[in-house]
Undergrad: 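Below is a structure I'd like to ask you about.
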There are 2 protein chains.
Amino acid sequence: MSHDLDAIAAQLRRNGFRMTPQRQLILDAICELGGHVTPEEVVQRVQAITPALNRATVYRALNFLVEQRIITVTLLPDGKFVYELAEGEPHHHLVCRACGASVQLPHAALSEFYRLMEKQYDFRVDMTHISFFGLCKNCREGSA
Amino acid sequence: MSHDLDAIAAQLRRNGFRMTPQRQLILDAICELGGHVTPEEVVQRVQAITPALNRATVYRALNFLVEQRIITVTLLPDGKFVYELAEGEPHHHLVCRACGASVQLPHAALSEFYRLMEKQYDFRVDMTHISFFGLCKNCREGSA
DNA sequence: CACATTGTTGCAAACAGTCGCAATAACCTA
DNA sequence: TAGGTTATTGCGACTGTTTGCAACAATGTG
Ligand SMILES: [Mn+2]
Ligand SMILES: [Mn+2]
Ligand SMILES: [Zn+2]
Ligand SMILES: [Zn+2]
């Protein structure tokens, strides 16, 4: 999808924050780069347009936009964070550690697990955008 | 538990690797520090005894010992890797993002999810030592 | 418009983690 | 024991990420 800058700006102002040229550029970058982008990809992209835009600003903006629920973050099992626009239903991923392919899971695929943890351990698991590593079918056929 | 250096040394040699003073110190540190230690905690500990022992050596040894299945690693949902001795049954964790408390899950708590992913998506999720963030009961009562 | 307030940025320094490479130490064989 | 082989370490440089702080920019008030 695309992002509605006016709506986002309004939402931010409503909460006492501001829409800035830097944040606009960063949102554009996330949108144009498509799903699951790394901070460094965003830095490259925005600095191609505005070289003075600082690396630290990108990292801070990404965190900020996650807190405002305008984008979401997922932690890939190799320890890297990737970001994407928050839209529609929450989802999760199965990421193949051999070929990198990423399958999207509907939220429902994990809701049973969520309920079990709440019932048995009185623990509410954070269930926005989780990623699991593993091996896809193709990559299993190569080895054992 | 404690670790059996002789048995570990033998296992390494059997596979063409070596037990070194550095690796011994690092294993001792993991053992003495108890569960879930960060690389930096290990660095502090071993350098208190042998200041010359290099940071890079610690990181390399931790990766190596994971590959040899002498220790295990889990990725906490804040993006940090933590290590512990591999012993007994595989397990997982529910980690409270507010108070840091960590509940241990038996492997069986996730095996249903594992089977579902294999059946529905033909995908084998890596299921050694997974950690989820969330909120424990205590920390939920403070906020919403 | 002047001014105060406060959210935001850029900068620079610190920190965590990775990597290539040359020196070293362990092991094997003669 | 001497010499060759190779696993391992320390070093230094580099990348990615965080943080404090001072400068800046947007907003609101009089
Ligand atoms: Mn996603
Ligand atoms: Mn554990
Ligand atoms: Zn694959
Ligand atoms: Zn808690």
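Small disclaimer: the values here were computed from a predicted structure and weren't measured. Lettering follows sequence order; numbering is per chain, from 1.
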Undergrad: Can you tell me the distance, in whole Å, between the CD atom of Gln24(B) and the P atom of dA26(C)?
TA: 10 Å
Undergrad: I'd like to know if Arg140(A) and Asp122(B) make a salt bridge, using a cut-off of under 4.0 Å between side-chain N and carboxylate O.
TA: yes
Undergrad: Heavy atoms under 4.0 Å, any strand shown: does Arg60(B) hit a base, just sugar-phosphate, or nothing?
TA: base
Undergrad: Expressed as a whole number of angstroms, how long is the span from Arg14(B):CZ to dC27(C):C1'?
TA: 17 Å
Undergrad: So if I take every side-chain heavy atom of Phe17(B) and compare against dT19(D), dA7(D), dG10(C), which nucleotide ends up nearest?
TA: dA7(D)
Undergrad: Below 30° counts as parallel, above 60° as perpendicular, anything between as tilted: where do the rings of His91(A) and His36(A) land?
TA: parallel
Undergrad: Expressed in angstrom and rounded to an integer, what is the separation of Leu12(B) atom CG from dA7(D) atom P?
TA: 13 Å
Undergrad: Looking at Leu85(A), Val37(A), Asn63(A), which one forms a side chain to side chain contact (heavy atoms under 4.5 Å, CB included) with Ile71(A)?
TA: Leu85(A)
Undergrad: Mind calculating the distance between CG (Asn15(A)) and P (dA26(D)) to the nearest angstrom?
TA: 20 Å
Undergrad: Would the distance check show the side chain of Arg97(A) and the main-chain N or O of Phe133(A) forming a donor-acceptor pair, the cut-off being under 3.5 Å?
TA: no
Undergrad: Between Met19(B) and Asn63(B), which residue's closest nucleotide on DNA chain C lies nearer the 5′ terminus?
TA: Asn63(B)
Undergrad: Phosphate oxygens OP1/OP2 of dT27(D): is one of them under 4.0 Å from a side-chain N or O of Arg13(A)?
TA: yes
Undergrad: Mind checking Ala61(A) for me? I need base, sugar-phosphate or nothing, with any heavy atom below 4.0 Å counting as a touch.
TA: nothing
Undergrad: Tell me whether the OP1 or OP2 atom of dT8(C) has a side-chain N or O from Thr20(A) closer than 4.0 Å.
TA: no
Undergrad: Quick one: is Gln22(B) getting a side-chain N or O under 4.0 Å of the dA25(C) phosphate, OP1 or OP2?
TA: no
Undergrad: Is there a side-chain polar atom (N or O) of Asn54(B) under 4.0 Å from OP1 or OP2 of dT9(D)?
TA: no
Undergrad: Using atom CG of Leu65(B) as one end and atom P of dT9(D) as the other, report the distance to the nearest whole Å.
TA: 10 Å
Undergrad: Rounded to the nearest Å, what distance is computed from the NZ atom of residue Lys80(A) to the C1' atom of nucleotide dG16(D)?
TA: 8 Å
Undergrad: Describe the nucleic acid contact of Arg23(A) in one word from base, sugar-phosphate, nothing, applying a heavy-atom distance below 4.0 Å.
TA: sugar-phosphate
Undergrad: Ignoring hydrogens and geometry, is there a side-chain-to-backbone donor-acceptor pair from Asn54(B) to Ala56(B) under 3.5 Å?
TA: yes
Undergrad: Whole Å only: how far is the OH atom of Tyr59(B) from the C1' atom of dT8(D)?
TA: 19 Å
Undergrad: Could you check how far CZ of Phe81(A) sits from P of dG16(D), rounded to whole Å?
TA: 16 Å
